[in-house]
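Here's the structure, in structure tokens; my notes come after.
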Amino acid sequence: MHLPLDLKGATFEQVAAFVAELGERPYRARQLYRWVFARDAASIAAMTDLAGSFRTRLVGLCAISRLRLAHQHLARDGTRKFLFRLQDGEAIETVLIPTEGRLTLCLSTQVGCKLACDFCRTGEGGFARNLTPAEIVDQYLAVQREVLAPGGEKITNLVFMGMGEPLDNYADFVQALRILTAPAGLHVAPRRITLSTAGLVPRMEQFGREGIPVKLAVSLNATTDEQRNRLMPINRSYDLARLLQACRAYPLARRDRITFEYVLLGEVNDTPEDAQRLCRLVQGIRCKINLIPFNPFATSLYRGPQPERVQRFLDILVAGHCTATLRESRGVDIEAACGQLRTSAPGLAEAAPLALHG
Ligand code: SAH
């Protein structure tokens, strides 16, 4: 075990093992876990109901890391985007999206991304590194702590649709899920968590065997291998047939469905033929299709689809008995929408932290 142990990145079982190694009683593990996650303690010293002698032993052996909130932006529609500065100077973005009856947090799993999808801004900047489990989990704690009033609104849903490919940071992502869902800590219900993947097929299969019943979303975005190869280079490793086979075989929770995300790129993949092919491709898979009109950014090669074409696309899916919904773009004016996140934020004065830009 690395010392000091960062409690924020440890599963309950790891904390229990650590406490046992110290020769302390098992209930100590539960106390520590509660302090770190349920009570968001900033330090060992803050754990005031732990015996002084126990606290003294812990100092030096464990620590509690914290993300630094460098900046936040508020969009006209109430969406908020946070820029967190990491220990090594890298930065990530996290997005909080209020919708009726829900408060959804969109989390990042990597600094940048390796997959280089042609239409996604995160991929443009390349890949820097994986986030640690603590950095993944703390996005949730930090937003809850810094933005939401104590006893007030609570984050209800988590979606792994921010920067990075969760399954490309497999071990850390799975560890973060175990921490987020631990009954002794944050206890987020798995059905309130969605993993979104570009389709790393072997990892999807592996994840299916972990037995963590979070929801699965798959970014499809194209209906032929030729087009998907161009838009999403990962398709050259795992083509549509393999991906859809993995989806068919995925051990879904009872009454659950896979969500297929489909970014509509104007005049590229938004034709009636695409809609018909999409319908055929997903035949026999318990699923719904989520259409996402492309969110443009300064350097993007693509444009958003015309509203009539979106409607036509949707009509064809419905006529083909596919369940389909249209994702409303949120936070576009502050570049917080799908595919608009990146690691640097030029022009943001860090000297004015926590400023809200409406
Ligand atoms: N790597 C994961 C999660 C991050 S992307 C994945 O690929 O699923 C989250 C979603 O945003 C994906 O469905 C992706 O296709 C979509 N997306 C990326 N760039 C976009 C853009 N510019 N406009 C709209 N959606 C975009």
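One-based numbering, in listed order, for ligands and for the atoms of each.
- What sits closest to atom 4 (C) of ligand 1 on the protein, heavy atoms only, is Gly162 O, 3.4 Å.
- For atom 6 (C) of ligand 1, the closest heavy atom belonging to the protein is Ser219 OG, 3.4 Å.
- Considering only non-hydrogen protein atoms, atom 15 (O) of ligand 1 sits nearest to Asn221 ND2, 3.0 Å.
- Using a 4.5 Å heavy-atom cutoff, the side chains of Leu32 and Leu58 are in contact.
- With 3.5 Å as the limit, one finds a donor-acceptor pair spanning the side chains of Thr323 and Arg257.
- Inclusion of Phe119 in the set of residues having an N or O under 3.5 Å from an N or O of ligand 1 is warranted.
- Atom 25 (N) of ligand 1 has Cys338 CB, 3.3 Å as its closest protein atom, hydrogens excluded (heavy atom only).
- The atoms of ligand 1 that sit less than 4.0 Å from any heavy atom of Cys120 are 18 (C), 19 (N).
- For atom 10 (C) of ligand 1, the closest non-hydrogen atom of the protein is Glu261 OE2, 3.8 Å.
- In this structure, Phe207 and Phe173 have tilted ring planes: the angle between them lies in the 30° to 60° band.
- In this structure, the protein non-hydrogen atom closest to atom 23 (N) of ligand 1 is Asn295 N, 2.9 Å.
- With respect to atom 16 (C) of ligand 1, the closest heavy atom belonging to the protein is Val263 CG2, 3.7 Å.
- The ligand atoms of ligand 1 that sit less than 4.0 angstrom from a heavy atom of Ala198 are 6 (C), 7 (O), 8 (O).
- For the residue pair Gln31 and Glu24, no side-chain donor N or O sits within less than 3.5 Å of a side-chain acceptor on the partner.
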Validation: residues 224-234 side-chain donor-acceptor distances under 3.5 Å, sequence neighbours left out:
from, atom 1, to, atom 2, distance (Å)
Thr224, OG1, Gln227, N, 3.1
Asp225, OD1, Asn235, ND2, 3.0
Asp225, OD1, Leu240, N, 3.0
Gln227, NE2, Val268, O, 2.9
Arg228, NE, Leu220, O, 2.8
Arg228, NH1, Asn235, OD1, 2.8
Arg228, NH2, Ala198, O, 3.0
Arg228, NH2, Ser219, O, 2.8
Asn229, OD1, Asn235, ND2, 2.8
Asn229, ND2, Asp225, O, 3.2

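- Between the side chains of Ser65 and Asp6, a donor-acceptor pair is found at a separation under 3.5 Å.
- The number of heavy atoms from other shown groups lying within 6.0 Å of CZ (Arg327) is above 12.
- Closest to atom 18 (C) of ligand 1 by heavy atom, among Gly123, Gly339, Cys106, Ala337, is Gly339.
- Residues Ser196 and Glu261 have side chains that bring a donor and an acceptor to within less than 3.5 angstrom of each other.
- For the pair Arg327 and ligand 1, the shortest N or O to N or O distance does not fall below 3.5 Å.
- Listed by atom number, the atoms of ligand 1 under 4.0 Å from Gly164 heavy atoms are 1 (N), 2 (C), 3 (C), 4 (C).
- Here the protein heavy atom with the shortest distance to atom 5 (S) of ligand 1 is Met161 O, 4.1 Å.
- Counting only non-hydrogen atoms, the option in Ser300, Ser196, Gly199 that gets closest to atom 8 (O) of ligand 1 is Ser196.
- Listed by number with element, the atoms of ligand 1 under 4.0 Å from a non-hydrogen atom of Ile292 are 24 (C), 25 (N).
- By the 4.0 Å N-to-carboxylate-O rule, Arg277 lies close enough to Asp274 to be salt-bridged with it.
- One side chain, Thr197 or Glu165, offers a donor N or O that lies under 3.5 Å from an acceptor on the other.
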